[in-house]
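Just so it is clear, the values below take in all heavy atoms, side chains as well, and ignore hydrogens, waters and symmetry mates. Please read all numbers here as calculations on a predicted model, not as lab measurements.
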Amino acid sequence: MNADNIRLAALDLNLITALDALLDRRSVSEAADGVGRTQSAMSHSLARLREHFRDPILVRDGWAMQLTPFAEELHPRVKAAAEAAKLMFTTNLEFDASTTTRRIRIATPDLCTSLFSDFIGALAKAAPLASVEFIEGNMARHAVLSSNADIGLGFGVPKSDTSLVLHKIAPLDWCTFAPKAHEYRRNPTAEVWSASRHILVGQGGQEGPVEKMLRQHGIERHFICYASNFSAALILAYEIGALMTTLRLPFEMTAKRLGMTAQPTPFGMPNAPATLMFRADHGNPFQVWLKKLCLCSFADLQGQRSNRSNLALTRP
């Protein structure tokens, strides 16, 4: 037995539960309440953890306690270990989708929320008492690792982690949605595109991927409106006769219902790679069921829109 194994064998594995509570609550007293221990016992556990990791874990910052950089990095691994330990010793490994009232949390940019419409429809049939909550932002990987989300979808290829299961989505292509009777539908040139009115999501000031490509091609555009989210932007573009340039797949069905068409952009936009993320299931029946339901719904999405997109699921 090597030195690391000897050191681990000397530890009380209840420290995993204590550390998980401390990292979540960032308070000795609240962590103690959360796991049903006395504050004195939790303080003793924190002292042992500090000695083991040679790091203070929690440090005073004014009236509050903050995690050290080491503790922040450790947090997702501890969360996964705590969940695995809980599952290992549970006596009930059953999961009944028909009776669950769980709220499934999905971390994804606002741009991609509509990609989960098929998943929500499948969920309504398989688990009629469950619900979905979207967590907006670009930190999907961190949200899944820290158990703040059950499913994540992010752009690019996230850094691998033993606590994550990754499923790539084939890169999503870009287009410009044009309202009915808009000149760009008849004459999709750079001149017409540049002279048209456009909708942008956000406050402006930050150079996004479209702006970077426009700068390379020397093309300018005029924004008539800055929308707060993508769904509102599409409706506004329809109502006021403006163009909206974005990823095709999330909006093409709604745009079609509005009588808008997806036109090619007058400049080359590289496709956007994206990845679905799940926590490693460790035999957890809920995680196994959820991952299967989500991946099947995305496969259905591929089949329904295969003539208009190149979405495909592949293993990394």
Side-chain angles (χ1 to χ4, degrees), residues 76 79-80 83-84 87 93-172 230-231 247-254 272-306 308-316:
K79 179 64 65 178
E83 289 189 355
L87 179 65
L93 295 179
E94 298 298 322
F95 171 74
D96 186 354
S98 65
T99 61
T100 185
T101 58
R102 185 159 183 158
R103 180 183 297 179
I104 296 167
R105 306 185 78 193
I106 302 174
T108 183
D110 169 57
L111 175 61
C112 295
T113 53
S114 64
L115 291 179
F116 288 90
S117 58
D118 285 4
F119 168 77
I120 295 174
L123 180 71
K125 294 179 181 179
L129 301 180
S131 59
V132 167
E133 177 184 356
F134 283 103
I135 306 172
E136 295 183 10
N138 298 314
M139 301 296 291
R141 179 181 181 275
H142 177 74
V144 174
L145 279 174
S146 61
S147 296
N148 289 324
D150 301 294
I151 302 171
L153 191 151
F155 292 111
V157 180
K159 182 180 177 182
S160 61
D161 191 289
T162 56
S163 298
L164 277 181
V165 176
L166 307 178
H167 286 264
K168 291 182 180 178
I169 298 175
L172 306 178
F230 283 90
S231 297
L247 295 177
R248 179 195 306 267
L249 187 63
F251 304 102
E252 63 177 349
M253 298 303 291
T254 301
T275 304
L276 282 166
M277 291 164 269
F278 308 87
R279 288 195 298 279
D281 54 63
H282 300 296
N284 186 317
F286 167 73
Q287 294 291 344
V288 172
W289 171 84
L290 181 67
K291 183 173 64 176
K292 181 179 179 181
L293 184 70
C294 183
L295 293 180
C296 285
S297 70
F298 268 75
D300 290 342
L301 179 70
Q302 174 193 4
Q304 293 169 10
R305 308 183 188 182
S306 58
R308 295 181 297 278
S309 71
N310 63 347
L311 180 68
L313 288 170
T314 60
R315 293 303 294 251

Nearest 0.5 angstrom please: [X] [atom1] to [Y] [atom2], how far?
X    : Y    : atom1 : atom2 : answer
L145 : T162 : CG    : OG1   : 9.0 Å
L123 : D118 : CG    : CG    : 12.5 Å
M277 : C294 : CE    : SG    : 11.0 Å
F278 : K292 : CZ    : NZ    : 13.5 Å

Do [X] and [Y] have side chains that get closer than 4.5 Å, going by heavy atoms?
X    : Y    : answer
I104 : F286 : yes
I151 : F119 : yes
C112 : F155 : yes
D150 : R102 : yes
W289 : D96  : no

So H167 and K291, side chain to side chain contact (heavy atoms under 4.5 Å, CB included) or not? Walk me through it. CA-CA 10 Å; H167 286 264; K291 183 173 64 176; 4.1 Å; yes
So, does [X] use its side chain to make a donor-acceptor pair with the main chain of [Y] at under 3.5 Å?
X    : Y    : value
T113 : D110 : yes
T254 : F251 : no
S114 : P250 : yes
R141 : K159 : yes
R279 : A149 : yes
T275 : G156 : yes

Shortest non-hydrogen separation from [X] to [Y] and the atoms involved:
X    : Y    : value
A140 : G154 : CB-N, 4.4 Å
L129 : T100 : CB-O, 3.3 Å
P76  : S146 : CB-N, 4.4 Å
I135 : N148 : CD1-O, 3.1 Å

Please work out which of the three classes, parallel, tilted or perpendicular, describes the rings of F298 and F116, given edges at 30° and 60°. perpendicular
Check against side chain to side chain contact (heavy atoms under 4.5 Å, CB included), L115 and I169: CA-CA 11 Å; L115 291 179; I169 298 175; 5.6 Å; no
